[in-house]
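These numbers were taken from a predicted model, which means no experiment stands behind them. Excluded from the calculations below are hydrogen atoms, water molecules and symmetry mates; all remaining heavy atoms, backbone and side chain alike, are included. Each residue takes its place number in the sequence, starting with 1.
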Amino acid sequence: MRRRRSWKSKATRLVQVDWRERALLAEASAQLLAARLRIAILPFRTIAKDLGTFVPPADSRIAAARAPAPEDLRHAAEKIGWAVTRAAVHVPFKAVCLPQAMAAHAMLKRRGIGSAVHFGARRSDEKPIDAHAWLDAAGVEVTGYPVAAGMKEIGAFV
């Protein structure tokens with residue numbers, strides 16, 4: 001069972017990070033909320049338009065998102081991944097793989113960094129189908145990693 005930290009402990013840890021990281025955490029929290037609301041309110045076809053073009057797993061544009069990039073772009077993608085995954089634990093709603101991928105995608109897009117939002121599925125004993133979303137950018141595994149064994153990529157938005 002996961003031990004819950006007190007608000008005082010969380011506030012102390014937040015003060016320990018520098019202002020840039022606090023700003024990134026605030027942006028990530030806002031983007032997670034926006035993603036969660038979009039998922040709750042809009043049909044997926046509307047959300048998909050903002051994610052880009054849907055391509056098959058073998059498309060060269062996916063490989064481009066996975067390809068190593070200049071250090072500044074890699075560093076930005078790593079920091080965005082850090083902020084989204086940390087914020088997802090602390091927001092007062094469920095921020096699972098899809099909202100995390102959507103939030104990170106929006107943050108990367110705002111900075112002019114291309115990314116690929118992957119969608120995959122596998123059969124599971126617990127449910128008829130287990131779906132997952134993960135995101136790559138600038139040669140960095142941004143959100144949704146590690147991908148579970150047996151997960152087959154259906155395609156990606158680039």
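Across all their heavy atoms, L32 and V84 have their closest contact at CD1-O, 3.9 Å. Here the closest heavy-atom approach between residue A149 and residue R122 is recorded as O-NH1, 2.9 Å. What you find for M102 and A35 is that their closest heavy atoms are CB-CB, 3.8 Å.
Here F44 pairs with F119 under the ring-ring contact (aromatic ring centres under 6.0 Å, His included) rule; sequence neighbours left out. Under the salt bridge (charged side-chain N to carboxylate O under 4.0 Å, His left out) criterion, R36 pairs with no residue at all, not counting sequence neighbours. Under the rule for a side chain to side chain contact (heavy atoms under 4.5 Å, CB included), the partners of T46 that lie at least two apart in sequence or sit in another chain are L42, P43.
For residues 140-151, the set of pairs meeting the salt bridge (Lys or Arg N to Asp or Glu O under 4.0 Å) definition, not counting sequence neighbours, is empty. Sorted by first and then second residue, the salt bridge (Lys or Arg N to Asp or Glu O under 4.0 Å) pairs involving residues 96-110 (not counting sequence neighbours) are E27-R110. Pairs passing the salt bridge (Lys or Arg N to Asp or Glu O under 4.0 Å) check and including a residue from residues 41-57, sequence neighbours excluded, read R38-D50.
Judged purely by atom type and a 3.5 angstrom limit, R66 has no side-chain atom pairing as donor or acceptor with the backbone of I62. Looking only at distances, no side-chain donor or acceptor of H118 sits under 3.5 Å from a matching main-chain atom of G155. Proximity of a side-chain donor or acceptor of Q31 to a complementary backbone N or O of A106 within less than 3.5 Å is not detected.
Between W134 and Y145, the ring-plane angle classifies as perpendicular under the 30° and 60° cut-offs.
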